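Small disclaimer: the values here were computed from a predicted structure and weren't measured. Just so it is clear: chains get the letters A, B, ... in the order the sequence lines come, proteins before strands, and each one is counted from 1.
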Amino acid sequence: MKHIISPLDLSIQEMGEVLDLAMDIIKNPKKYCEVCHSKKLATLFYEPSTRTRLSFEAAMLNLGGSILGFSSADSSSAAKGESVADTIRVISSYADICAMRHPKEGAPLVAANFSSIPVINAGDGGHNHPTQTLTDLLTILNLKGRLNNLTIGLCGDLKFGRTVHSLINAMVRYDNIKFVMISPDELKIPTYLREEVLDANQIPYKEVKVLEEVMPELDLLYMTRVQKERFFNEEDYIRLKDSFILDAKKMKNAKEDMLILHPLPRVNEIATEVDNDPRAVYFKQAEFGVYARMALIMKLLEVEVC
Amino acid sequence: MKHIISPLDLSIQEMGEVLDLAMDIIKNPKKYCEVCHSKKLATLFYEPSTRTRLSFEAAMLNLGGSILGFSSADSSSAAKGESVADTIRVISSYADICAMRHPKEGAPLVAANFSSIPVINAGDGGHNHPTQTLTDLLTILNLKGRLNNLTIGLCGDLKFGRTVHSLINAMVRYDNIKFVMISPDELKIPTYLREEVLDANQIPYKEVKVLEEVMPELDLLYMTRVQKERFFNEEDYIRLKDSFILDAKKMKNAKEDMLILHPLPRVNEIATEVDNDPRAVYFKQAEFGVYARMALIMKLLEVEVC
Amino acid sequence: MKHIISPLDLSIQEMGEVLDLAMDIIKNPKKYCEVCHSKKLATLFYEPSTRTRLSFEAAMLNLGGSILGFSSADSSSAAKGESVADTIRVISSYADICAMRHPKEGAPLVAANFSSIPVINAGDGGHNHPTQTLTDLLTILNLKGRLNNLTIGLCGDLKFGRTVHSLINAMVRYDNIKFVMISPDELKIPTYLREEVLDANQIPYKEVKVLEEVMPELDLLYMTRVQKERFFNEEDYIRLKDSFILDAKKMKNAKEDMLILHPLPRVNEIATEVDNDPRAVYFKQAEFGVYARMALIMKLLEVEVC
């Protein structure tokens with residue numbers, strides 16, 4: 001039995017298999033519409049996240065399975081002081097697979113240690129969010145046709161944004177990847193990523209403060225939300241949140257086939273005027289998120305098309 | 001693709017088709033139990049409403065479809081500052097149709113403008129609630145056998161009660177409809193309804209303050225709850241909420257086949273002693289609400305019995 | 001039509017039938033995977049309880065049925081002042097069976113009086129919780145092979161713990177049952193249970209304050225959580241909550257085939273070091289809870305394997 005706690009829990013080969021399966025699901029969704037018949041997914045969301053939760057639920061329903069769970073800690077046994085270890089042992093009797101979001105880093109890993117069903121980390125604090133990474137990779141693969149030979153711009157909150165960290169970790173495994181980090185000094189990527197991931201793997205990257213100047217180089221621009229809940233005080237948040245807003249004017253210098261990705265929800269870091277640009281693929285990315293999760297659920301449950 | 005934001009989004013002919021379909025569903029529910037197999041309904045409730053949400057969910061399950069969604073804004077991405085326009089574009093990838101309740105008037109209309117799946121307004125502030133109106137019409141049609149030649153009493157909060165406004169708008173399209181408005185001065189119907197709907201269509205109506213005196217004239221009595229959340233201060237609410245309570249004594253003067261309708265929840269505006277009167281059809285009306293929504297979902301998804 | 005409000009609503013014969021059915025479901029779960037196709041369970045939880053709610057939902061999904069409902073009073077019509085009697089009459093149109101948890105004792109009984117679908121009490125205040133009792137009996141029957149000739153230790157909060165009260169009421173109907181009550185003076189079983197149930201049925205029992213001294217006698221040890229919400233003040237709770245903690249050292253004196261049961265959630269009344277003891281069957285008990293509820297739902301809906 002396999003759990004997915006970090007994006008790197010899938011080897012590059014397994015990741016390839018999941019992505020290939022997702023690509024086939026996109027082409028022939030009907031082929032897969034009953035493969036999880038009589039299987040149940042539990043969505044254990046100790047922290048609200050509509051998008052991620054509904055994406056998992058849509059994925060399981062698309063596979064013919066069913067869903068149960070909770071959408072906030074208030075309505076869970078956590079309020080009565082139960083440990084994650086105990087909860088998952090009980091949930092193991094109720095469902096065949098589970099997706100867990102938790103405000104505490106490491107909670108899904110603890111769950112995995114006590115679970116008798118596959119656990120998928122659906123986001124733990126500022127830590128990991130592997131199905132977002134899987135979604136990002138599927139989007140890139142589907143719309144660029146490759147996962148190597150890419151110059152990837154990462155813009156916004158690179159310090160706290162877990163999706164960015166996970167994406168870096170996942171992309172350094174492919175050939176000829178370059179990163180361009182675009183952020184204010186206060187929101188640069190953490191030192192461990194710089195040293196242990198980028199430098200250790202000899203990945204070329206540069207860090208800039210102005211989006212315009214690097215725009216023409218990028219094959220992808222990954223925008224991120226400046227999340228209020230990650231800040232220590234309101235003042236810093238207000239000062240920094242509007243930096244690095246993408247608008248139609250800035251898009252003029254971008255390559256014709258550059259893709260704009262965003263994990264969503266977007267607040268104002270991408271002006272709505274950009275939405276109709278064919279290069280803006282963030283809503284398509286949300287759609288790919290369902291297919292990525294369908295493939296991952298199938299892989300972990302080891303179900304196949306008959 | 002069609003959305004239902006206002007009760008008038010269905011022409012009188014389309015309304016007739018939906019009502020006919022609902023009548024057939026009532027007669028042969030089993031015929032329809034798989035027509036939405038592998039279709040998904042998203043219930044997006046930014047404001048809690050158990051009855052309406054569960055009625056939609058029961059409708060979709062009765063059609064063999066499945067459901068996902070959220071039941072309050074706290075557990076949605078709205079808390080992270082996402083716009084309704086962005087949310088619906090993402091939900092469009094997760095579901096085949098959605099029902100949205102929102103405290104802000106107009107939010108479902110905004111959603112419809114950005115959605116690639118049919119949007120049903122499940123109530124927006126004091127504004128519209130088209131499936132309640134559809135339910136009311138189905139109840140009348142089923143139990144009176146007609147939608148014309150009716151004298152309709154409307155009692156209680158006629159100022160803020162959106163179900164009453166929608167019912168007036170819907171019924172003026174049928175022949176020989178008369179209204180009797182029964183309310184305190186403070187809770188009379190708004191001027192725009194009087195001028196633009198009733199007077200403009202030359203619909204006969206009168207306004208009274210005493211329920212007893214008009215009782216014998218009525219073919220239908222539509223009772224409404226005096227909703228606390230619509231008042232500006234507690235004092236007004238307490239002074240007015242008990243006006244116009246229907247009890248067994250008042251029912252003595254009513255026609256033998258008069259119907260009592262109520263959109264529910266009822267607080268105390270209908271004494272429980274009335275519940276066993278065969279003319280009290282408000283719980284039956286709740287049941288018809290499921291059939292009305294089944295028919296509407298089928299119509300919007302353009303599914304048919306094979 | 002039958003409702004289950006108290007564990008004693010099932011005669012000893014009916015209880016036997018439900019348990020036999022549950023035993024067969026455990027052996028052949030696939031045989032039952034479609035028996036409730038197109039049936040709907042409504043989970044009406046006016047008080048949060050993840051475990052109980054998800055157990056009911058898993059049960060209904062395992063039977064091929066579907067689920068709808070709410071998980072807290074905030075998102076229900078109760079917030080608008082609707083009575084339980086009105087709510088259940090409406091829910092009767094939405095579902096085929098319902099499970100209700102309510103903070104007020106007696107609320108599910110009121111619901112049953114107005115319902116046209118079977119109502120299962122899923123816990124009402126400190127009162128009844130019949131499906132927990134059914135789960136406990138199934139666990140004992142399955143793992144001990146009998147429901148008679150047992151010495152049952154009950155430990156912890158015996159005053160407020162409804163699961164203990166229900167278990168006593170249920171077990172006194174079988175032959176040769178002895179109870180050993182282990183609790184501080186403040187948390188002894190209520191007088192009515194002592195007089196009207198134990199003494200009235202001439203059931204042998206003793207009351208002690210030290211777990212160790214009675215350990216070797218027990219066939220079963222039923223541990224309970226000291227629930228904070230049942231206490232009148234914080235001080236009493238803190239003073240008493242750690243009494244009577246079960247650990248590996250205390251287990252040394254227990255019979256080799258003694259079973260440890262616990263309704264869960266467990267806080268710290270059982271040290272986690274006990275979890276790997278084969279006699280610790282509380283997580284297995286949670287699993288049996290699903291089978292017990294499957295059998296009960298089938299019984300109340302009168303569905304059978306074709």
Pair count under 4.5 Å, heavy atoms only, with chain B: among C/Leu68, C/Leu44, C/Asp86, highest is C/Asp86
In terms of heavy-atom pairs under 4.5 Å with chain C, the winner among B/Leu61, B/Asn62, B/Thr52, B/Val290 is B/Leu61
If you apply the rule side-chain hydrogen bond (donor to acceptor under 3.5 Å, both in side chains), what do you find for B/Ser166 with B/Gln132, and how did you get there?
CA-CA 8 Å; B/Ser166 293; B/Gln132 180 64 51; over 6 Å; no
Selection from B/Ser55, B/Cys33, B/Ala286 maximising heavy-atom pairs under 4.5 Å formed with chain C:
B/Ser55
Answer yes or no: is there a side-chain heavy-atom contact under 4.5 Å between C/Thr131 and C/His129?
yes
Within 45° cone and under 6.0 Å: B/Arg101 NZ/CZ vs B/Phe45 ring:
no
For C/Ile67, is it the side chain, the backbone, both or neither that has a heavy atom under 4.5 Å from a heavy atom of chain B?
backbone
Of the backbone (N, CA, C, O) and the side chain (C-beta and beyond), which part of B/Gln285 lies under 4.5 Å from a heavy atom of chain C, both, or neither?
neither
Does any non-hydrogen side-chain atom of C/Thr43 lie less than 4.5 Å from one of C/Leu41?
yes
Hey, does B/Leu21 have a side-chain heavy atom less than 4.5 Å from the side chain of B/Tyr32?
yes
